[in-house]
Amino acid sequence: METSCDDTSIAILRDGIVLANLITSQWIHKKYGGVVPEVASRLHVESILELYAMCLEQAQVKPEEISAVAVTRGPGLLGSLLVGLSFAKGIALSYNIPLIEVNHLHAHALSLFIEQKPVYPLLCLTVSGGHTQILKIESDFNIHLMGQTLDDAAGEAFDKTGKLFGLDYPCGPMMDQLAKSGKPNFKFPASKVPGYDFSFSGLKTAVLYFLRQQLSLNPSFIEEELPNLCASVQHAIVHMLESKLVQAAKELNVKSIGLAGGVSANSELRSTIMNACCLHGWELYLPALRYCTDNAAMIAHVGYAKYVRKEFSTLSLNAMARYPITQTQ
Ligand code: KG4
Ligand code: ZN
């Protein structure tokens, strides 16, 4: 079960194979230009029971056949996490089966291997609406955080700049689409952060000031230049991600690369990293598009690995709004 933000998702796996993976996205947040936590948790409550019934039906599984229930413990919105956690506890208690906690970031990273055999060591760039990190993964349960964003996440950079262009939340998919017919002819400075860390808040401010200046000269600037603006911002974000990932792979001498999280659905990021991997002779692992954004199959995937290791939680398990990946091992 996954309810960490604005997607309610339930999946059923048998022996590690996905039988069903249902997701309901809460479109209402578009109206507010971002996720409203109270609304998100209320909508999780409204949809989770029906989603569970639909998931059982699609998987052709009876509730009493389920052997364990895995749920996202964090990181995420506390109210949203609590809905999934309480529901999972209810099922664990009713059917007397183990409860398994999963770190959302751990699940994103291992989503690369839902449908293929894992290859380690692997350098994984997890890029989502809430997180941007480079992980060195030695095995399913031996993960080192090498670098992360110091402020906004890459997905947030798409969402916040997209909002300035008047796009609906979440703006990443739309910017990706619009950028296809544009050219990156506006240059925005890349942030200078040491090591493998990132910073995206400067980009948002640079875009804001640039727009203010251009709009004072031409009030239709955004309408006229939208595809080029999207292509330019996307190029700036992708370039920052690529340069840190390539630097890390070279310095750490890791020859397998992975992309995970919602932003890994971005077409320019995928093609840029693919080219870099071809150039350096590295293997690239990409999750299927349905496993890039938030989904319960990735939670169940880690849950299954923990089930095999008999790593169970008690019913007193709490949700954690902040939950660093390093704390899960
Ligand atoms: O992993 P995810 O579903 O949720 C979090 O854990 O945050 O990621 C959502 C983020 C949003 O910021 C959304 O704008 C971004 O992923 N996103 C994209 C694309 N698809 C989703 N960003 C750029 N290009 C895309 N194609
Ligand atoms: Zn996520």
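Quick note: residue numbers are just sequence positions, from 1. Counting starts at 1 for both ligands and their atoms, following the listed order.
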Shortest protein contact, atom 10 (C) of ligand 1 (heavy atom only):
G129 N, 3.4 Å
Counting only heavy atoms closer than 4.0 Å, does ligand 1 sit against the backbone of N266, its side chain, both, or neither?
both
Ring center gap for F221 and F165 short of 6.0 angstrom:
no
E251 CD: over 12 foreign heavy atoms closer than 6.0 Å:
yes
Could you identify the single nearest non-hydrogen protein atom to atom 11 (C) of ligand 1 and state the distance to 0.1 Å?
D159 OD2, 3.6 Å
Please indicate how many protein N/O/S atoms are found closer than 2.8 Å to the Zn ion (ligand 2), with waters neither displayed nor included.
3
Check for a donor-acceptor pair, side chain of Q116 on one end and backbone N or O of F113 on the other, with a separation under 3.5 Å.
no
Enumerate the atoms of ligand 1 whose separation from the nearest heavy atom of G155 is less than 4.0 angstrom.
12 (O)
Which residue supplies the protein heavy atom nearest to atom 1 (O) of ligand 1, what is that atom called, and how far is it?
G262 N, 3.0 Å
Out of S25, G261, P173, who gets a non-hydrogen atom closest to atom 19 (C) of ligand 1?
P173
Run the contact test for H104 against ligand 1 with a 4.0 Å cut-off on heavy atoms, strictly below, and give the result.
yes
Is it true that R290 and E115 make a salt bridge, defined as a side-chain N closer than 4.0 Å to a carboxylate O?
yes
Numbered atoms of ligand 1 (with element) below 4.0 Å of D176, judged on heavy atoms
24 (N), 25 (C), 26 (N)
Protein contact to atom 15 (C) of ligand 1 [nearest heavy atom, distance to 0.1 Å]:
V263 CG2, 3.9 Å
Taking atom 18 (C) of ligand 1 as the reference point, the nearest protein heavy atom with its distance:
G172 CA, 3.7 Å
Does only the side chain of D294 get under 4.0 Å from ligand 1, or the backbone, or both, or neither? Count heavy atoms.
both
Is the count of non-hydrogen atoms from other residues, nucleotides or ligands lying under 6.0 Å from K89 atom NZ greater than 12?
yes
Which of T72, I299, V69, T8 passes side chain to side chain contact (heavy atoms under 4.5 Å, CB included) with M1? It is V69
Looking only at distances, please establish whether an N/O atom of ligand 1 is found under 3.5 Å from an N/O atom of P170.
no
Check contact between G130 and ligand 1, using heavy atoms of the residue and a distance below 4.0 angstrom.
yes
Which is it for E224 and N218 under the side-chain hydrogen bond (donor to acceptor under 3.5 Å, both in side chains) test, yes or no, and what are the steps along the way?
CA-CA 10 Å; E224 288 168 15; N218 172 12; 3.0 Å; yes
Are any of the N/O atoms on F158, whether in the backbone or the side chain, positioned under 3.5 angstrom from an N/O atom of ligand 1?
no
Does F188 have its ring centroid less than 6.0 Å away from the ring centroid of Y209?
no
Assess whether a salt bridge exists between R309 and E311, defined as any Lys/Arg side-chain N lying under 4.0 Å from an Asp/Glu carboxylate O.
yes
Can you confirm whether I17 is buried at CD1, in the sense that more than 12 heavy atoms of other residues, nucleotides or ligands lie under 6.0 Å from that atom?
no
I'd like to know whether the aromatic ring centres of Y169 and Y32 sit less than 6.0 Å apart in this structure.
no
For Q234, is the nearest heavy atom under 4.0 Å from an atom of ligand 1?
no
Residue E57 excluded, over 12 heavy atoms near CD under 6.0 Å:
no
NZ/NE/NH1/NH2 to OD/OE distance under 4.0 Å, E268 and K180
no
Any chance the rings of H301 and Y291 have centres within less than 6.0 Å?
no
T293, any N or O under 3.5 Å of ligand 1 N or O
no
Which part of H108 is near ligand 1, with near meaning a heavy atom under 4.0 Å away: side chain, backbone, both or neither?
side chain
